[in-house]
Number of protein chains: 2
Amino acid sequence: MLKKERHDFIMRQINLHNRVLTSDLVQLLNVSEDTIRRDLQELVDENLLYKVHGGALSKSYHSSFDDSTVYARDSKIAIGKKAVQLIKDGMVVLTGGGTTILEFVKRLPQGLSATFFTISPLVAVELAKYNNIEVILIGGLFSKNSQVTYGGQVITQLSEIKADLCLMGTSAIHPDEGLTDTYWEINQLKKAMLACAKKTAVLCISEKLDIALRLRVCPIESISYLITELDLDHESLSRYREKELNIL
Amino acid sequence: MLKKERHDFIMRQINLHNRVLTSDLVQLLNVSEDTIRRDLQELVDENLLYKVHGGALSKSYHSSFDDSTVYARDSKIAIGKKAVQLIKDGMVVLTGGGTTILEFVKRLPQGLSATFFTISPLVAVELAKYNNIEVILIGGLFSKNSQVTYGGQVITQLSEIKADLCLMGTSAIHPDEGLTDTYWEINQLKKAMLACAKKTAVLCISEKLDIALRLRVCPIESISYLITELDLDHESLSRYREKELNIL
DNA sequence: CGTTTTTATGCGTGTTTGTGCGATAAAGTT
DNA sequence: AACTTTATCGCACAAACACGCATAAAAACG
């Protein structure tokens with residue numbers, strides 16, 4: 001087996017499972033540990049994966065998990081403020097969950113009169129502080145990880161809703177691959193959310209740009225607004241500016 | 001499992017639940033206590049969490065609900081502890097909202113394996129901290145006052161549920177008038193909840209005893225358990241002891 | 001073609017890292 | 001005060017690693 005073939009094999013494993021163990025690769029590829037180590041080192045040099053004691057991890061896996069550190073709070077507040085501009089009186093809005101959405105909700109103008117559907121209990125509680133906002137919480141199985149409701153019941157209920165705007169957080173966004181996710185249920189959920197809103201705004205801190213995960217939610221064309229904490233002319237956004245997408 | 005993966009897992013737990021117990025992590029990750037402790041120590045060194053006796057806390061710890069300002073909290077805790085005795089493995093439980101129920105949920109045993117339906121987002125979030133509890137949040141219009149979902153949709157969904165036990169807070173209870181309430185919607189809601197559970201437990205701080213409000217939810221006979229913070233032989237309860245009612 | 005250079009791989013050896021165990025100490029609980 | 005749970009420390013051991021060296025195949029060159 002050629003070295004290049006091995007590298008490809010390793011990358012496939014990584015993309016599939018988000019991780020590989022050195023020892024597994026030794027067995028699967030039938031080469032010495034040293035060879036695998038050298039392979040991994042070379043892939044690290046090419047910036048394709050992340051090496052740890054015992055094996056290697058996918059780059060996207062890595063960045064998709066330390067995102068929930070609420071340390072990017074400033075960024076999320078900035079995003080929230082921008083997102084508020086999209087909301088007008090009388091609108092029907094559908095939101096997902098997550099800390100970014102929560103920061104957005106906290107920054108809505110007090111007098112706003114609108115209808116909000118949400119799958120996030122915490123968002124619902126926050127929205128309840130506004131007197132003129134009607135809040136409908138979409139019920140179903142409750143996900144311990146992402147703190148939103150999910151599952152068939154949620155999707156059924158979503159199918160009955162017609163919203164003007166859908167606001168969702170992101171696991172990953174990529175100019176070619178579009179919106180992607182790691183978990184099947186969340187993937188299905190996001191698809192359903194997209195389907196019931198006229199327009200969709202994606203709230204996305206910059207570190208989640210240019211990442212593609214296993215499951216595709218939608219192509220980039222299905223998104224109306226991309227909201228990041230970056231300046232409009234920041235170079236990280238250039239690939240997105242080329243698309244038909246409003247960037248805030 | 002790789003160390004880095006464990007660290008990510010721990011951080012996810014922390015960001016989700018604001019806290020982790022060392023003993024839980026030992027079980028979940030199937031490694032020795034020492035390993036978990038070292039993991040936590042390393043995460044502390046990276047400034048990612050606070051370590052405390054028994055586990056660790058999120059750096060940005062903030063409970064969605066400020067415990068200390070809860071009215072008559074001690075009584076509610078006492079009630080919560082008593083209510084926990086009613087819960088057994090495998091049960092299907094339906095709960096309402098309110099601070100008393102919340103104190104109850106916080107005192108459930110860690111390993112409990114059960115299914116909980118609830119109309120309260122805050123209760124759902126709290127329940128999500130238990131790994132073996134399946135949480136179903138019943139969705140609908142969200143009430144700004146009582147912080148629970150209500151309305152036709154909720155009642156429809158309730159009608160499809162069959163629960164072993166329903167736990168609800170009280171506005172008022174009276175030995176002759178039974179359970180009563182002031183608001184039509186809440187009244188309807190409680191009737192629907194009662195209807196779908198085999199047994200019902202009413203959590204009630206003593207000051208709400210012997211009060212009757214405008215709208216009747218049910219006669220006292222429809223209730224299986226009355227849980228107050230008082231001793232079993234307290235004289236305020238004598239009128240209730242005469243009824244067919246288990247008093248805790 | 002033969003010789004040299006480069007590249008890829010494996011082996012041996014010593015080092016580092018990760019983990020669990022036991023004893024002891026400290027912190028909570030009743 | 002007695003008891004239980006959690007922490008800490010030193011140690012042991014295995015797995016993973018880095019480095020130098022040897023070897024052989026592949027590529028380059030005259």
Side-chain angles (χ1 to χ4, degrees), chain A residues 1-11 13-14 17-46 48-58 61-62 65-66, chain B residues 1-14 17-59 61 67-68 73-74 77-78 80-82 84-85 103 106-112 129-131 229 231:
Chain A
M1 174 169 268
L2 266 47
K3 186 160 84 150
K4 176 71 175 136
E5 291 180 290
R6 265 200 332 265
H7 284 199
D8 288 346
F9 180 88
I10 293 172
M11 286 313 297
Q13 292 290 314
I14 285 264
H17 304 122
N18 281 327
R19 64 181 273 213
V20 278
L21 303 184
T22 310
S23 55
D24 284 357
L25 290 174
V26 167
Q27 285 218 334
L28 285 165
L29 297 170
N30 212 39
V31 287
S32 76
E33 286 192 7
D34 300 67
T35 303
I36 295 299
R37 285 210 189 83
R38 272 184 285 247
D39 285 344
L40 292 178
Q41 187 52 54
E42 284 156 26
L43 292 168
V44 165
D45 294 343
E46 293 173 53
L48 293 172
L49 47 74
Y50 185 75
K51 202 152 144 332
V52 294
H53 194 95
L57 298 172
S58 153
Y61 169 86
H62 176 58
F65 269 124
D66 70 6
Chain B
M1 175 169 265
L2 299 164
K3 187 163 82 148
K4 176 76 180 137
E5 291 182 295
R6 263 198 336 262
H7 285 196
D8 286 342
F9 181 90
I10 293 171
M11 284 315 296
R12 203 159 87 242
Q13 293 288 114
I14 284 265
H17 307 146
N18 281 325
R19 69 158 203 263
V20 280
L21 304 183
T22 309
S23 53
D24 283 358
L25 290 174
V26 168
Q27 285 218 334
L28 285 166
L29 297 170
N30 213 36
V31 289
S32 74
E33 286 190 7
D34 301 65
T35 302
I36 294 298
R37 290 216 181 80
R38 270 184 288 246
D39 284 344
L40 292 178
Q41 187 53 54
E42 284 158 27
L43 291 168
V44 165
D45 294 343
E46 292 174 52
N47 234 311
L48 293 172
L49 45 74
Y50 286 129
K51 204 146 118 21
V52 293
H53 195 92
L57 297 174
S58 161
K59 280 215 102 180
Y61 184 87
D67 287 347
S68 52
R73 181 151 178 263
D74 291 343
I77 292 174
K81 280 185 185 166
K82 288 187 188 176
V84 165
Q85 301 165 11
E103 292 300 337
K106 286 181 183 164
R107 273 150 196 91
L108 287 167
Q110 266 297 331
L112 180 69
K129 294 177 182 170
Y130 299 90
N131 286 302
E229 82 277 20
D231 287 336

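Letters A, B, ... mirror the listed sequences (proteins, then strands); counts begin at 1.
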Would you say a side-chain N or O of [X] is under 4.0 Å from OP1 or OP2 of [N]?
X      : N       : answer
K3(A)  : dA26(D) : no
T35(B) : dT19(C) : no
T22(B) : dA7(D)  : yes

Roughly, in whole Å, what's the span from [atom1] in [X] to [atom2] in [N]?
X      : N       : atom1 : atom2 : result
R37(B) : dA25(C) : CZ    : C1'   : 13 Å
M1(B)  : dT17(C) : CE    : C1'   : 18 Å
H7(A)  : dT7(C)  : NE2   : P     : 14 Å
E33(A) : dG12(C) : CD    : C1'   : 13 Å
D39(A) : dA8(C)  : CG    : P     : 10 Å
L43(B) : dG18(C) : CG    : P     : 13 Å
R38(B) : dT6(D)  : CZ    : P     : 18 Å
L21(A) : dC17(D) : CG    : C1'   : 15 Å

Considering all heavy atoms of both residues, which atom of E229(B) and which atom of K82(B) are nearest to each other, and what is their separation?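 Heavy atoms of E229(B) and K82(B) come nearest at C-NZ, 3.9 Å.
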At their closest point, which heavy atom of L2(B) faces which heavy atom of H53(A), and how far apart are they?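 Reported closest heavy-atom pair: CD2-O, 3.3 Å.
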Under the side chain to side chain contact (heavy atoms under 4.5 Å, CB included) rule, what do V31(A) and V26(A) come out as? Steps first, then yes or no, please. CA-CA 5 Å; V31(A) 287; V26(A) 167; 5.7 Å; no
Name the nucleic acid region contacted by V26(A), choosing base, sugar-phosphate or nothing; use a 4.0 angstrom heavy-atom cut-off, strictly under.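 Nothing: the residue V26(A), judged by heavy atoms under 4.0 Å, touches no strand.
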Just to be sure I understand the rule, does K4(A) reach a base, reach only the sugar-phosphate, or reach nothing, if contact means heavy atoms closer than 4.0 Å?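 No contact.
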Is any side-chain N or O of D34(A) under 3.5 Å from a base N or O of dC17(D), one able to act as donor and the other as acceptor?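 Per atom types, no contact qualifies.
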Would you state whether a donor and an acceptor, one from the side chain of R6(B) and one from the base of dG18(C), lie under 3.5 Å apart?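 There is none.
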Can you tell me how far the CD1 atom of I10(B) sits from the CG atom of L48(B), to the nearest 0.5 Å?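 Here the interatomic distance stands at 11.0 Å.
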Could you tell me if the side chain of T35(A) sits less than 4.5 Å from the side chain of R6(A), heavy atoms only?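 Yes, at least one pair of side-chain atoms sits under 4.5 Å.
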